[in-house]
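As the structure is a computational prediction, the values presented were derived from the model and not from experiment. Atoms within each ligand, like the ligands themselves, are counted from 1 in listed order.
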Amino acid sequence: MQTESEQLFEESKKYIPGGVNSPVRAFGSVGRSPIFIKKAKGSRIFDEDGREYIDYVCSWGPGILGHAKETVIEAVKAACDDGLTFGAPTRKELEIAELITAHMPSMEMSRMVNSGTEAVMSAIRAARGFTGRDYIVKFKGCYHGHSDGLLVKAGSGVITQTVANSAGVPEGYAKYTLVAEYNDEESVKQLFDAYKGQIAAIIVEPVAANMGVVPPKAGFLEFLRDITQTDGALLIFDEVITGFRLAPGGAQEYFHIKPDLTTLGKIVGGGMPVGTYGGRREIMQCVAPLGEVYQAGTLSGNPIAMTAGIETLKLLDAHPEVYAKLEGKTAGLAQAAREAFGNRVCVNQIGSLMSIFFTDKQVVDMDTAMTSDTKQYAAFFRHMLDHGINLAPSQFEAMFISDAHTEEDIRKTIDVMKEFAHR
Ligand SMILES: *Cc1c(COP(=O)(O)O)cnc(C)c1O
């Protein structure tokens with residue numbers, strides 16, 4: 001007997017490549033067929049077969065308050081009555097831009113776009129336009145969306161594909177993307193020696209979360225700040241995941257580092273398709289219509305999306321205690337995983353982000369992440385799913401903990417995890 005999800009998947013595969021609208025949703029690397037979601041509420045998602053799961057994917061990051069938060073939903077419903085899109089400036093776009101600058105003072109000006117991919121692509125263009133340089137430095141295992149120049153040694157869904165880089169990206173594009181090792185200062189120094197005065201920017205996930213969660217070593221981000229400043233290159237923090245998650249002011253607040261440009265997505269859209277990029281005024285003034293770096297968008301700053309974002313940010317502001325609670329719950333879960341599995345796993349955790357790597361190595365970069373036993377992870381994933389717990393269907397993704405996860409949810413998760421560890 002096929003489940004409803006399996007039937008839907010069979011049909012979807014006829015019309016949608018791989019049956020999914022983003023590769024990370026396929027369950028290819030865990031040997032299952034994806035569950036089709038009907039609805040979600042709080043910490044729970046419900047599939048088309050009526051099964052309920054405690055959800056640690058949280059839509060890959062936006063769901064910091066849990067699913068379908070009442071205040072946000074109500075505001076969105078009300079906003080719909082006034083029209084879905086105008087293609088003209090609105091009060092809400094000013095409101096969210098002010099909120100962003102208030103949280104991240106390094107973002108003196110920002111520009112709304114429709115996804116994290118677009119935010120990063122545009123930030124890189126602004127960095128190149130401002131510096132007049134072509135090369136960028138990224139880190140192996142960091143994911144910055146699917147634009148041409150950034151699909152080089154990328155993380156997230158790219159890792160579980162068979163290819164390291166995407167087909168369809170001309171060599172000429174990838175040529176300007178230089179790749180360094182995360183947490184390895186020497187690999188960055190070598191690039192800056194070889195390409196002195198030619199690197200427009202370093203782009204980095206200040207906490208890598210697309211090869212699984214890999215926090216920066218002490219001093220690594222400071223080093224990136226220094227070497228870019230010395231060379232006249234820019235430092236871009238891709239805070240699409242860490243923004244509003246690690247702290248109200250993101251990783252830049254958490255680590256006290258001021259990047260030149262920042263990209264945001266996920267939480268800033270409160271569940272709607274939003275990205276934004278911003279930074280120092282003199283850089284952002286290079287963007288059209290003020291400057292010569294062209295970037296535009298028909299639906300950018302969409303009023304419904306802005307409403308979801310504004311309400312989410314306001315709720316977080318009204319409840320600053322959320323961050324300590326998230327940290328506490330996540331640290332508890334991480335500690336329980338260490339106790340259950342012992343040295344068979346490496347558990348990385350920071351704030352409300354964590355990963356359980358099935359390796360006895362310390363995971364500090366892509367190469368050590370790749371020592372993980374993905375078959376073990378797949379078995380773990382299936383055990384958890386079969387017991388009502390939804391994890392990312394890949395070893396190389398983060399677990400996201402939300403404000404809606406209760407102590408009871410965490411306890412149940414720990415119990416199911418222990419069953420797997422001790423079997
Ligand atoms: C998700 C993600 C992106 C891409 O955002 P999309 O909205 O999926 O295009 C970029 N950077 C990081 C760090 C991300 O996690």
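Annotation: side chain of Met112 is in contact with side chain of Met306 (closest heavy-atom distance under 4.5 Å).
Remark: Lys39 qualifies as a cation-pi partner of Phe46 under the 6.0 Å distance and 45° angle criteria applied to the six-membered ring.
The residues lining ligand 1, counting any heavy atom closer than 4.0 Å, are Ser115, Gly116, Thr117, Tyr143, His144, Gly145, Glu205, Asn210, Asp238, Val240, Ile241, Lys266.
Residues Tyr56 and Thr413 bring a donor and an acceptor atom of their side chains to less than 3.5 Å of each other. Looking at Glu205 and Thr242, their side chains never bring a donor and an acceptor atom within 3.5 Å of each other. Defined by atom type and a distance below 3.5 Å, a donor-acceptor pair is present between the side-chain atoms of Glu93 and Thr90.
Asp260 places a side-chain N or O within 3.5 Å of a backbone atom of Leu235 that can act as its donor or acceptor partner.
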